[in-house]
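Below you'll find the structure, written out as structure tokens, and then a few comments.
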Protein chains: 2
Amino acid sequence: MNISPKKISDHQLEDQEISINHQKLIDATIETIAKRGLGDTTIAQVAKKAMVSQGYANFRFKSKENLLLSSLKFLSDEYKNSWQRIFEDNNLDPVGRVIKIIENDFSGKIANRNKIAVWVSFYSEVKFRPSYLSICQKQDEIYSSQMEKLIKEVNILNNQSFLTPREISETYLSMVDGLWQRILFDPKMYSHVFCKDLIKKYFRNIYADEKRFV
Amino acid sequence: MNISPKKISDHQLEDQEISINHQKLIDATIETIAKRGLGDTTIAQVAKKAMVSQGYANFRFKSKENLLLSSLKFLSDEYKNSWQRIFEDNNLDPVGRVIKIIENDFSGKIANRNKIAVWVSFYSEVKFRPSYLSICQKQDEIYSSQMEKLIKEVNILNNQSFLTPREISETYLSMVDGLWQRILFDPKMYSHVFCKDLIKKYFRNIYADEKRFV
DNA sequence: ACTCATATTGAATGATTATTCAATACAAAA
DNA sequence: TTTTGTATTGAATAATCATTCAATATGAGT
């Protein structure tokens with residue numbers, strides 16, 4: 001019992017991240033964008049959802065732009081953590097890893113309509129706000145290169161030579177982006193199962209002997 | 001000589017489409033969205049680019065929303081016309097048709113960064129504006145079904161049986177959407193040639209005997 | 001030249017919204 | 001309890017914009 005409460009030093013604001021309100025506001029931002037779109041997201045609405053005053057939201061994040069940026073960063077990190085873990089999992093062989101990656105990319109936590117709506121909102125502004133671009137781009141580069149390396153291992157094990165690892169990995173990445181977008185349009189038709197199966201079929205076609213790509 | 005000028009009847013406004021200003025405003029809208037993003041597109045800017053007064057732009061289209069909708073419709077029709085023509089071209093055999101479709105989807109007229117920026121802007125709002133969705137969705141359904149039918153013909157000619165026409169066509173469509181999005185991020189890396197080659201390689205892998213998928 | 005209908009203007013209006021900031025609540029230290 | 005520093009409020013401000021509309025230009029028909 002007696003959980004030592006907070007014991008927050010006088011440096012409590014040294015690192016913004018430790019505040020509860022900080023995260024409440026970010027969550028509220030994501031929810032609001034998901035429900036109303038980036039264009040119709042106002043500080044007032046976000047603050048209301050986070051149950052703090054409007055003035056506070058602005059004070060805390062300095063500006064709306066900064067709040068949006070922090071929310072994108074959060075989403076981006078969340079995604080990154082999810083695949084990072086898979087690439088680093090030593091209990092998996094290459095093909096097992098690929099399968100986990102596919103499952104992660106179409107898991108409920110990642111590929112749900114709300115989060116996709118937020119992603120696409122930010123994507124759509126990438127051309128005009130370099131700060132959005134740099135957040136998205138850096139992580140995508142890492143994901144790309146990790147994926148390519150992984151496919152290289154799979155290729156060797158299955159002596160596949162017609163398609164290069166780069167080609168396979170780029171095809172995979174573009175399919176994922178495309179399918180996510182399609183989930184936004186028609187989530188019934190593009191169910192998680194449908195998407196995963198489509199991608200597994202792609203791999204099955206390349207690696208004919210590998211039975212795990214159902 | 002003496003080209004009979006206009007001979008516009010008193011019904012000149014019967015059909016909105018015949019006005020020059022109408023199209024000037026739509027073009028200006030697309031350019032403005034491409035340059036500044038949907039969120040920062042104002043009627044004042046569009047009117048200025050179209051060289052009409054702000055009041056006129058609003059008067060002509062009834063509302064900003066309606067102007068945006070008309071612009072999306074225009075873009076959507078332009079795209080539809082481009083592939084419609086290919087599906088209806090009787091001089092082409094199935095594989096020739098597929099190749100033309102790929103080339104069209106990554107032609108300078110369709111897959112340039114400005115137009116993609118506009119598409120994605122609208123996509124990102126699809127969840128919140130049913131009117132956007134219905135414009136995009138209807139055409140996508142036709143494109144999908146035409147594509148599937150086309151692949152069915154290719155499949156038969158090449159006795160391919162592992163992947164269904166539906167699967168191949170869905171894979172193609174999602175790749176296109178994904179690659180378009182990636183062009184937005186990094187148009188240098190995702191050049192038209194790169195995208196087309198990637199997709200052709202996909203088909204080449206499926207239809208191993210078909211040499212035309214370079 | 002005059003009339004009349006339509007096209008076009010641009011300034012005014014009102015709504016929305018990010019941002020600011022003086023006032024207040026709160027909680028720890030004295 | 002009082003002090004003091006920080007957290008939080010909410011009302012005021014100022015900027016931005018879509019929309020309206022009375023005024024004007026235009027040009028065809030008489």
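No experiment lies behind these values; they were computed from the predicted model shown. Chain naming here is simple, since letters A, B, ... match the order of the sequence lines and numbering starts at 1 in each.
- The separation between Arg60(B) atom CZ and dT6(C) atom C1' is 11 Å, rounded to whole Å.
- Atom-to-atom, NZ of Lys48(B) to C1' of dA18(D) comes out at 18 Å; the value is rounded to the nearest Å.
- Within residues 50-59 of chain B, the residues having any heavy atom under 4.0 Å from DNA chain C are, by residue number, Val52(B), Ser53(B), Gly55(B), Tyr56(B), Phe59(B).
- Straight-line distance from the NZ atom of Lys64(A) to the P atom of dA18(C): 4 Å, rounded to whole Å.
- The distance between atom CD1 of Ile20(A) and atom P of dT6(D), rounded to the nearest whole Å, is 19 Å.
- Ion pairing between a basic and an acidic side chain is recognised when a charged N comes within 4.0 Å of a carboxylate O; Arg129(A) and Glu65(A) show such pairing.
- The ring pair (Phe, Tyr, Trp, His ring centres under 6.0 Å) test with Tyr123(A) singles out one residue from Phe185(B), Trp180(B), Tyr123(B), and that residue is Phe185(B).
- Each of Gly39(A) and Lys62(A) was matched to the nucleotide of DNA chain C holding its nearest heavy atom; the match closer to the 5' end belongs to Gly39(A).
- Considering only side-chain N and O atoms, Asn21(A) lies under 4.0 angstrom from the phosphate OP1 or OP2 of dT8(D).
- Between the CG atom of Leu68(A) and the C1' atom of dT17(C) there is a distance of 14 Å, given to the nearest Å.
- With sequence neighbours left out, Glu78(A) forms a salt bridge (charged side-chain N to carboxylate O under 4.0 Å, His left out) with Lys115(A).
- The NZ atom of Lys24(B) sits 15 Å away from the P atom of dA7(C) (whole-angstrom rounding).
- With rounding to whole Å, Gln45(B) atom CD is found 11 Å from dT16(D) atom C1'.
- Considering only residues two or more places apart in sequence or on other chains, Asp89(B) meets the side chain to side chain donor-acceptor pair (under 3.5 Å) condition with none of them.
- A salt bridge between Asp27(B) and Lys49(B) is absent, with no side-chain N of the basic residue lying under 4.0 Å from a carboxylate O of the acidic one.
- If you measure from atom CG of Leu67(B) to atom P of dT19(D), you get 10 Å, rounded to the nearest angstrom.
- The pair Lys200(B)-Glu103(B) counts as a salt bridge, with a side-chain nitrogen and a carboxylate oxygen less than 4.0 angstrom apart.
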